[in-house]
Amino acid sequence: MRLEPDEVKAIATRLKRANGHLASVIRMLEEGTECEDALTQLAAVNKAIGRGGYALVSTGLQKCLAEGGPDSVDAQKLEKLFLALA
């Protein structure tokens, strides 16, 4: 399923923000920042990416349900997508 640009705008914005934050973490490492500080920031990036992924799955599921009803959702495929994020 393809989502419309307006359906993924907030998700794309979240992932772009995470991308910028990851660049900051890389810069921290290159500049010799304490490992603990870099790991704390990296954990935040990881969480943001994960939330973006779950939001993407959720948006797709909502679209499937709205367009085709409950029978249009492939439970195995949905489970596989969720597990890919785990």
Side-chain angles (χ1 to χ4, degrees):
M1 157 193 328
R2 291 188 186 272
L3 299 175
E4 299 299 321
D6 64 313
E7 294 173 311
V8 295
K9 185 176 182 178
I11 299 166
T13 299
R14 177 189 299 260
L15 293 175
K16 286 177 185 178
R17 193 174 310 123
N19 183 39
H21 200 74
L22 179 58
S24 296
V25 173
I26 293 168
R27 189 171 43 258
M28 289 171 70
L29 292 172
E30 291 173 342
E31 293 173 356
T33 301
E34 292 289 328
C35 290
E36 182 179 350
D37 295 337
L39 283 171
T40 299
Q41 294 304 313
L42 190 57
V45 171
N46 190 37
K47 189 171 187 177
I49 291 170
R51 285 185 176 177
Y54 287 118
L56 185 58
V57 171
S58 173
T59 302
L61 179 59
Q62 290 174 34
K63 184 172 183 170
C64 280
L65 291 172
E67 291 180 356
D71 293 335
S72 68
V73 177
D74 181 339
Q76 273 188 313
K77 188 174 186 179
L78 186 61
E79 181 181 8
K80 185 178 178 181
L81 290 170
F82 271 109
L83 290 175
L85 294 171

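Computation of the quantities below employed the complete heavy-atom set of this structure, encompassing side-chain atoms and omitting hydrogens, waters and symmetry-equivalent molecules.
The cluster map of Ile, Leu, Val, Met, Phe, Trp and Tyr, joined by side-chain heavy atoms under 4.5 Å apart, puts Leu39 and Met28 in different clusters.
Residues Glu30 and Ile26 are in side-chain contact: their nearest non-hydrogen atoms beyond the backbone lie under 4.5 Å apart.
The nearest pair of heavy atoms linking Val45 to Ala18 is CG1-O, 3.9 Å. Between Ala38 and Leu29, the shortest heavy-atom contact is CB-CD2, 3.6 Å. Between His21 and Ala44, the closest heavy-atom pair is NE2-CB, 4.3 Å.
The structure places CG of Leu22 at 10.5 Å from CZ of Arg27, a figure rounded to the nearest 0.5 Å. Distance check, rounded to the nearest 0.5 Å: CG of Leu81 to CD of Glu79 gives 10.0 Å. Atom CG of Leu56 is separated from atom CG of Leu61 by 11.5 Å, given to the nearest 0.5 angstrom.
Counted by atom type alone, Gln62 and Ser58 present one or more donor-acceptor pairs between their side chains at under 3.5 Å.
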